[in-house]
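Quick notes on the structure that follows.
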Number of protein chains: 2
Amino acid sequence: MLRAVPRTTKLTPKTAKPAKRTKASPAQSTVAREDYLECILQLIQSKGLARAVDIATTLDIAQPSVTAMTQRLAAEGLLTYEKYRGITLTTEGEKLASAIIQRHQILTRLLRHFGLDEATIYRDVEGMEHHISRKTLDAFDALTAELDRSPALVTRLREAMA
Amino acid sequence: MLRAVPRTTKLTPKTAKPAKRTKASPAQSTVAREDYLECILQLIQSKGLARAVDIATTLDIAQPSVTAMTQRLAAEGLLTYEKYRGITLTTEGEKLASAIIQRHQILTRLLRHFGLDEATIYRDVEGMEHHISRKTLDAFDALTAELDRSPALVTRLREAMA
DNA sequence: CAAGAAAGTTAGACGCAACTAAAATCTATC
DNA sequence: GATAGATTTTAGTTGCGTCTAACTTTCTTG
């Protein structure tokens with residue numbers, strides 16, 4: 001049997017190439033990473049420090065997973081970490097975490113206008129937050145401001161939903 | 001060496017336990033699965049059939065990955081599939097796919113009101129769509145209706161964003 | 001209708017992010 | 001200061017969804 005010549009399919013991607021998964025990208029921001037950063041900064045703000053056991057509890061994840069991710073984030077320069085000692089966010093990590101938390105809050109504020117139960121709000125925000133661009137976020141923020149200042153609009157909205 | 005905080009912290013898990021990952025759930029709906037279903041139904045609607053090569057091109061994924069996922073979806077009863085022949089959605093699969101496409105459209109319509117570039121709209125919808133509950137979707141839909149009927153509101157919004 | 005091209009599949013591997021079990025380290029208390 | 005208990009880390013797996021290389025089947029076209 002003759003060997004088939006490599007096919008070289010060279011596909012033309014859909015619309016705008018969705019950032020192909022080259023394995024060569026080092027400190028890429030993923031959902032899990034963002035969840036950890038968000039959680040860590042919140043723990044630091046509320047308790048003064050972020051311990052693995054608390055991160056694990058908050059994210060409902062096993063402790064060894066926290067260690068693993070901590071080491072990844074440290075390798076990427078987002079936090080500093082000394083074995084068996086503490087975790088500290090680097091400047092970059094803290095900046096990132098702040099942005100993540102802010103994004104979370106903008107989304108939560110918007111969803112709260114819809115009269116949904118807190119559990120739904122929380123779940124949806126958790127899900128969406130990692131996938132929203134700055135631009136859309138700005139729009140959501142402006143939208144929230146409009147809803148804040150126009151109770152009539154909110155009322156119409158809720159009636160339409162029922 | 002810091003270490004000066006009570007040990008028995010016992011945080012209350014954020015809000016509502018985020019659906020622990022038991023491996024025992026069989027036909028769970030994931031992001032990738034939804035992307036495939038959406039793509040398959042759209043291909044069927046636009047070309048009459050969904051071929052692996054087109055799915056691969058549309059999703060910017062290698063062909064063997066399509067075969068693999070196709071087999072998974074078939075095993076879960078969402079589509080029917082005969083080797084080297086075609087793909088058909090089952091009733092359940094089509095229902096699911098329709099819902100996914102509808103959700104996609106609701107989101108797109110909302111984002112279009114914000115005057116963003118199509119690429120951003122597309123990327124954000126792609127990202128968010130898999131994580132939005134029916135309730136929030138209804139709210140977004142109502143919101144879109146309000147924006148449709150109130151150009152003044154849209155104008156205020158866009159000005160606030162600039 | 002026979003090649004060759006195109007499409008589909010199998011086989012084997014990888015990266016991410018999770019898990020469990022068990023070892024290492026730290027802390028509090030006696 | 002020894003030691004029990006809490007916390008953290010290491011080691012070894014797992015599942016999902018992806019990849020490439022190489023094969024098989026189907027389609028197309030002279």
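We use all heavy atoms of the structure for the numbers below, so side chains are in, but hydrogens, waters and symmetry mates are not. In the text below, chain A, chain B and the rest are named by the order of the sequence lines, each starting its count at 1.
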Please classify the nucleic acid contact of A:A62 as base, sugar-phosphate, or nothing, using heavy-atom distances under 4.0 Å.
base

Between A:L43 (CG) and D:dT7 (P), how many Å, whole number?
14 Å

For the residue pair A:F140 and B:F114, categorise the inter-ring angle as parallel (less than 30°), tilted (30 to 60°) or perpendicular (more than 60°).
perpendicular

Minimum-distance nucleotide (side-chain atoms of B:R72 versus C:dG8, D:dC16, D:dT8)
D:dC16

In this structure, how many angstroms lie between the C1' atom of D:dA6 and the CG atom of A:D54, rounded?
12 Å

Rounded to the nearest Å, what distance is computed from the OH atom of residue A:Y81 to the P atom of nucleotide D:dT9?
4 Å

Does the distance from a Lys or Arg side-chain N to an Asp or Glu carboxylate O, for B:D54 and B:R51, drop under 4.0 Å?
yes

Round to a whole Å and report the spacing from CD of B:Q63 to C1' of C:dA5.
13 Å

Report yes if a side-chain nitrogen or oxygen of B:S65 is closer than 4.0 Å to either non-bridging phosphate oxygen (OP1 or OP2) of D:dG17; otherwise report no.
no

Rounded interatomic separation in angstrom, taking CD1 from B:I55 and C1' from D:dG17:
15 Å

Looking only at side-chain atoms of A:T67, point me to the closest of D:dT10, D:dT24, C:dA18.
D:dT10

Reckon B:Y36 has a side-chain N or O less than 4.0 Å from the OP1 or OP2 of D:dT18?
yes

Side-chain N,O (A:R33) to OP1/OP2 (C:dA17) below 4.0 Å
yes

Can B:K135 and A:D117 be counted as an ion pair, charged N to O under 4.0 angstrom?
yes

Residues B:T144, B:D141; criterion side chain to side chain donor-acceptor pair (under 3.5 Å); working and verdict:
CA-CA 5 Å; B:T144 302; B:D141 207 17; 5.0 Å; no

Which nucleotide sits closest to the side chain of B:M69: D:dG17, C:dA24, D:dT24?
D:dG17

With respect to the phosphate group of D:dT24, does any side-chain polar atom (N or O) of B:K83 fall under 4.0 Å of OP1 or OP2?
no

Rounded off to whole Å, could you give me the CG-to-P distance for the A:L59 and C:dA17 pair?
13 Å

Side-chain contact check for A:P64: nearest option of D:dT18, D:dT8, C:dT20 is C:dT20

When the nearest nucleotide of DNA chain C is assigned to B:Q71 and to B:R51 on a heavy-atom basis, which residue is associated with the more 5' position?
B:R51

Nucleotide C:dT9, atom P - distance to CG of B:L73 in whole Å
13 Å

Could you give the CD1-to-P distance, from A:I61 to C:dA18, as a whole number of Å?
4 Å

Taking C-beta and beyond as the side chain, do B:I87 and B:T80 meet within less than 4.5 Å on heavy atoms?
no

Side-chain N or O of B:T30 closer than 4.0 Å to phosphate OP1/OP2 of D:dC16:
no

